[in-house]
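Here the structure is laid out as structure tokens; the discussion comes afterwards.
Only heavy atoms go into these numbers, but all of them, side chains included; no hydrogens, no water, no symmetry mates.
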Amino acid sequence: MEATGVSSDVLLERPWLPVSIDGCHLLAKSWFGETRCRILLTDLHCVWEETMHTAAIQSRAQELNKRLQAPVKAFLAHLCEVVQPYLSGSGRPHDSEAHISLMRLDGGNMVLRLKSKLAGLPFYWEFRCTPAPITVVCLHLVRPLLSMSHVLHQQVDQLEGLLARKDAEIQDYKDNGATLSRARLQTDIFDQPAYRSSFLAKTLPLVCCDHHGSRNFSGNLQELYAAVVAHGNARKRKLSEQDQQVALNPDLPQATGDKADAEAEDEDSDQKQTSQVEEPKNSATAQQVVVPPCRAERASSKAKKKKVVGLFR
């Protein structure tokens, strides 16, 4: 049987996938194990979730399919085969008669209804999703998206700095008499404020017109989301292992900060002992001798001009 923590980490590290069910554009996450399953859905106005265990799956299967008797693993295997393509954005599975529909209830809940066949008999299923708590929304949406935004901002800053250095390099080539062999490769000097203003003016209307946000979560962002969350989970696991070690051995420092403080205290004590040993007995007037630093010899060789190779001739 799957551990709760393991399944939560697996679902968290999976990216949001754009799906369309009954004309409704959503972002979805799903995980199907041998005895448990969990799905998350959002239209960027609300987040719905459902987590089902063995007993709940068996009860719902009997409620919706009174003539069908099968173990929980068989139900979940069939759901994974039939529902997973819908929740991954690939649509109806090949050569399948399954049909899935979506219905919003008055209380804010959402129901995904499935109609298919299992072992030649009609099979019905419902995912009865309820609004997710704010902790789930922050864990799966807010915090990862803020981290992604910070990572992308750092990347843009580095690329802008690289463009500025490239412009300086090209200008140095020109000052030394290099010319561009193909005029169509000529580019303007990168102007950061003008570029940002033009980029926002052209891009914001295209991005903001996608009210559902499904097209915004492209493949590159899905990879970045998975990488950000995986790094966060690895850090949490590392801190958890450190806490377990401290619990088993209370004499160990409880955190890296405590370890650093302990090392700093040891260094201070060593310095005090060293100063006490080196201090002269008759230290009435201790004189300090200041030795001026030696100046480094400058290289007199003149740099040779390099032959321009590439686009400039």
Side-chain angles (χ1 to χ4, degrees), residues 7-32 36-52 56 60 64 79-93 96 98-116 124-152 200 203-230 232:
S7 62
S8 300
D9 291 344
V10 170
L11 184 65
L12 180 60
E13 293 181 4
R14 292 188 176 182
W16 291 93
L17 301 175
V19 301
S20 179
I21 301 176
D22 270 359
C24 182
H25 299 280
L26 302 168
L27 292 174
K29 279 187 173 190
S30 60
W31 176 83
F32 293 90
R36 302 189 323 116
C37 65
R38 187 183 184 190
I39 64 172
L40 286 175
L41 300 171
T42 179
D43 59 356
L44 298 185
H45 295 283
C46 183
V47 178
W48 297 270
E49 70 166 348
E50 184 176 36
T51 303
M52 300 193 69
R60 187 169 301 177
L64 300 175
L79 289 175
C80 182
E81 179 183 357
V82 175
V83 180
Q84 191 71 25
Y86 285 99
L87 298 181
S88 62
S90 58
R92 180 178 296 183
S96 176
H99 176 73
I100 189 169
S101 60
L102 182 148
M103 183 176 63
R104 298 174 185 264
L105 303 182
D106 295 335
N109 297 343
M110 177 183 289
V111 178
L112 292 180
R113 290 181 174 175
L114 171 69
K115 180 180 180 181
S116 63
Y124 301 93
W125 190 262
E126 291 182 357
F127 290 100
R128 300 166 184 174
C129 303
T130 58
I134 190 64
T135 54
V136 174
V137 177
C138 291
L139 181 64
H140 287 268
L141 268 178
V142 179
R143 288 165 54 185
L145 291 181
L146 287 177
S147 298
M148 292 168 61
S149 175
H150 179 69
V151 170
L152 293 175
L200 293 177
T203 307
L204 283 180
L206 299 177
V207 174
C208 295
C209 69
D210 184 12
H211 301 289
H212 303 287
S214 60
R215 290 191 297 270
N216 291 341
F217 223 91
S218 60
N220 292 334
L221 290 182
Q222 293 171 14
E223 294 179 2
L224 179 59
Y225 178 95
V228 166
V229 175

[X] to [Y] - nearest heavy-atom pair and separation:
X: Leu139; Y: Leu12; result: O-CD1, 3.5 Å
X: Pro131; Y: Gly108; result: CG-O, 3.7 Å
X: Met148; Y: Leu221; result: CE-O, 3.6 Å
X: Leu112; Y: Ile100; result: CB-CD1, 4.3 Å
X: Phe127; Y: Cys37; result: CE2-SG, 4.4 Å
X: Leu64; Y: Trp125; result: CD1-CA, 3.7 Å

[X] side, atom [atom1]; [Y] side, atom [atom2] - distance, nearest 0.5 Å:
X: Ser101; Y: Ile21; atom1: OG; atom2: CD1; result: 9.0 Å
X: Leu40; Y: Arg14; atom1: CG; atom2: CZ; result: 11.5 Å
X: Cys129; Y: Leu105; atom1: SG; atom2: CG; result: 10.0 Å
X: Met110; Y: Arg104; atom1: CE; atom2: CZ; result: 4.0 Å
X: Cys80; Y: Phe32; atom1: SG; atom2: CZ; result: 6.0 Å
X: Met52; Y: Ile39; atom1: CE; atom2: CD1; result: 10.0 Å

Would you say the side-chain atoms of [X] pair up with the backbone N or O of [Y], donor to acceptor, closer than 3.5 Å?
X: Lys29; Y: Leu41; value: no
X: Trp16; Y: His140; value: yes
X: Asp43; Y: His45; value: yes
X: Thr203; Y: Leu200; value: no

Point to revise | Intermediate values then yes/no, side chain to side chain contact (heavy atoms under 4.5 Å, CB included), Val151 and Leu224 | key: CA-CA 9 Å; Val151 170; Leu224 179 59; 4.1 Å; yes
Point to revise | Pair Arg38 + Glu49: basic N to acidic O under 4.0 Å | key: yes
Check your understanding: Any side-chain donor-acceptor pair under 3.5 Å between Gln84 and Ser30?
Key ->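 Result is yes, a qualifying pair exists.
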Review point. Looking at residues at least two apart in the chain, or sitting in another chain, which of them share a side chain to side chain contact (heavy atoms under 4.5 Å, CB included) with Leu146?
Key: Val142
Check your understanding: Are Leu79 and Leu114 close enough, and set up right, to give a side chain to side chain contact (heavy atoms under 4.5 Å, CB included), and what steps lead you there?
Key -> CA-CA 9 Å; Leu79 289 175; Leu114 171 69; 3.7 Å; yes
Practice item. Please name all residues satisfying side chain to side chain donor-acceptor pair (under 3.5 Å) with Arg128, sequence neighbours left out, ordered by chain then number. Key: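 Arg128 satisfies side chain to side chain donor-acceptor pair (under 3.5 Å) with Glu63, Glu126 only.
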Review point. Going by heavy atoms in the side chains, are Leu27 and Leu44 under 4.5 Å from each other?
Key: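 Of all side-chain heavy-atom pairs linking Leu44 with Leu27, at least one is under 4.5 Å.
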Review point. Heavy-atom distance under 4.5 Å between the side chains of Gln222 and Leu17, does that happen here?
Key: yes
